[in-house]
Amino acid sequence: MHDSPLPDSWNRYLGAEFDAPYMQELREFLVREKAARKVIYPHSSHWFRAFELTPLDQVRVVILGQDPYHGPNQAHGLCFSVRPGVPAPPSLQNIYKELAQDVGFTPVNHGFLESWARQGVLLLNTSLTVAQGNAGSHRGKGWEAFTDRAIAAVSEQGLPTVFLLWGSHARQKKALVDTRRHLVLESPHPSPLSAHRGFFGNHHFSRANTFLAEHERGAIDWQLPAEPVESGQAPVNMPCSRGGLT
């Protein structure tokens, strides 16, 4: 049995996935990528960062991305978020624009979203790794089976939660969510190619807080700190092999 790199709240529902055949195939794929001297983002210590920062029993909002940023020093395990010191990418800049219109968000000059994750916003990419400079290069290799199970775990185990599904890829995951218990909000993706087709003006952030308040789960403070504060990295006692994945 492989050690799980997940915190206990998630491990109870996802730990067995690390022994599934698809996960063995994913391990072998990642080993081949490294043997080919490909640079993989994010660093392995951040592959499961979203789970580490947002325990399952504290998830209030789920935002789904597709795969990590594939440029140097960008990805750190939270969808749409970039490391401190890295400019906010275009999609995130559009998220900030919608936040400003929707909830009076004051723009910040960084793209570090960890404060959201610590409030219960699960910032989950459906694929948790990518090769440098090659968007989508690790899709269909097994990560989606794992993250689908994570989405289902939130639907099955979580208190009333808001799922923000932006773009056709994310919207496909609606089938994993019990819409009788949870709120699913859908719109086009915030990328410059599609934001003007309905992402702007979707009011997802205020609507999420209204739903959370109605279910006595409190509101998310969407305002980010003016200066990014990077907390400690993944626990140092975590095996660098990330539960035998590499």
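A quick note: this is a predicted structure, and the numbers were derived from the prediction, not measured. Start at 1 with the first residue, then count along the sequence.
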Hey, could you give me the [atom1]/[atom2] distance between [X] and [Y], rounded to the nearest 0.5 Å?
X	Y	atom1	atom2	answer
Leu176	Asp148	CG	CG	5.0 Å
Ser155	His182	OG	NE2	4.0 Å
Leu123	Arg49	CG	CZ	12.0 Å
Ile95	Phe105	CD1	CZ	10.0 Å
Leu64	Thr147	CG	OG1	8.0 Å
Arg207	Thr210	CZ	OG1	9.5 Å

key: Test side-chain contact (heavy atoms from CB on, under 4.5 Å) applied to Asp178 and Glu156, step by step   = CA-CA 8 Å; Asp178 182 353; Glu156 294 163 9; over 6 Å; no
Side-chain heavy atoms of [X] within contact of [Y], under 4.5 Å:
X	Y	result
Val177	Ile151	yes
Trp116	Asp221	no
Asn94	Pro192	yes
Val103	Gln223	no
Leu122	Val61	no
Phe48	Trp10	no

Just by modelled atom types, is the [Y] backbone N or O under 3.5 Å from a matching donor or acceptor in the [X] side chain?
X	Y	answer
Gln119	Ser115	yes
Ser191	Ser91	no
Asn202	Ser187	no
Arg37	Glu33	no
Arg32	Arg27	no

Closest contact, heavy atoms only, [X] versus [Y]:
X	Y	value
Pro89	Gln74	CG-NE2, 4.4 Å
Ile63	Cys79	O-SG, 3.3 Å
Thr129	Asp67	O-CB, 4.5 Å
Pro42	Ala75	CB-O, 3.5 Å
Pro188	Ser194	CB-O, 3.7 Å
Trp166	Pro190	CB-CD, 3.8 Å

ask   = Thinking salt bridges, do Arg149 and Glu144 make one under a 4.0 Å N-O criterion?
value =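 Not counted as a salt bridge, because no side-chain N and carboxylate O are separated by less than 4.0 Å.
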message = Classify the ring geometry of His196 against Phe200: parallel below 30°, tilted from 30° to 60°, perpendicular beyond 60°.
response =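 Plane angle over 60°, so perpendicular.
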inquiry  = For His215 and Phe211, take the angle between the two ring planes, folded into 0 to 90°, and tell me which bin it lands in: parallel under 30, tilted 30 to 60, perpendicular over 60.
reply    =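 Ring orientation of His215 relative to Phe211: tilted.
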key: Residue from Gln66, His169, Arg139 passing side-chain hydrogen bond (donor to acceptor under 3.5 Å, both in side chains) with Thr126   =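 The option that passes is His169.
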query = Can Thr161 and Arg60 be said to form a side-chain contact (heavy atoms from CB on, under 4.5 Å), step by step?
reply = CA-CA 5 Å; Thr161 298; Arg60 294 192 283 166; 5.7 Å; no
Is the distance between the ring centroids of [X] and [Y] under 6.0 Å?
X	Y	value
His138	Phe29	yes
Tyr69	His46	no
Phe205	Trp222	yes
Tyr41	His76	no

inquiry  = Let's go through Ser206 and Asp102 carefully: what are the C-alpha distance in whole Å and the side-chain angles of both, what is the deciding distance for side chain to side chain donor-acceptor pair (under 3.5 Å) to 0.1 Å, and is it a yes or a no?
reply    = CA-CA 6 Å; Ser206 60; Asp102 187 20; 2.6 Å; yes
Residue of the set Val154, Val59, Leu185 for which side chain to side chain contact (heavy atoms under 4.5 Å, CB included) holds with Phe163 =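 It is Val154; the other options fail the test.
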message = Testing Asn125, Leu78, Leu128 one by one against Pro68 for a side chain to side chain contact (heavy atoms under 4.5 Å, CB included), which residue passes?
response =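 It is Asn125; the other options fail the test.
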ask   = Where do Ser9 and Asp57 land on the side chain to side chain donor-acceptor pair (under 3.5 Å) test, with the steps shown first?
value = CA-CA 7 Å; Ser9 68; Asp57 57 359; 4.8 Å; no
task = Start with the C-alpha distance between Ile40 and Lys34, add both sets of side-chain angles, then the distance that settles side-chain contact (heavy atoms from CB on, under 4.5 Å), and finish with yes or no.
result = CA-CA 8 Å; Ile40 296 175; Lys34 289 193 171 184; 3.9 Å; yes
Going only through I, L, V, M, F, W and Y residues with side-chain contacts under 4.5 Å, is there a path from [X] to [Y]?
X	Y	value
Val130	Phe51	no
Leu212	Leu159	no
Phe199	Leu92	yes

ask   = Taking it one step at a time, do Leu224 and His110 satisfy side-chain contact (heavy atoms from CB on, under 4.5 Å)?
value = CA-CA 9 Å; Leu224 295 166; His110 64 83; 4.2 Å; yes
ask   = Side-chain donor-acceptor pair under 3.5 Å between Ser4 and Asn11, yes or no?
value =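 Yes, a side-chain donor-acceptor pair sits under 3.5 Å.
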inquiry  = Tell me if the CG atom of Asn134 is crowded by more than 12 foreign heavy atoms within 6.0 Å.
reply    =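 Yes - once you tally the heavy atoms of other residues, nucleotides and ligands closer than 6.0 Å, there are more than 12.
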Gln101 atom CD, neighbour heavy-atom count above 12 within 6.0 Å =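 Open: at most 12 neighbouring heavy atoms sit under 6.0 Å from CD of Gln101.
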request  = Could you go through the salt bridge (charged side-chain N to carboxylate O under 4.0 Å, His left out) check for Glu186 and Lys174 one step at a time?
outcome  = CA-CA 9 Å; Glu186 303 175 68; Lys174 183 178 181 178; 3.0 Å; yes
ask   = What's the verdict on side chain to side chain donor-acceptor pair (under 3.5 Å) for Glu17 and Tyr22, showing C-alpha distance, side-chain angles and the deciding distance?
value = CA-CA 9 Å; Glu17 300 298 304; Tyr22 78 82; 2.7 Å; yes
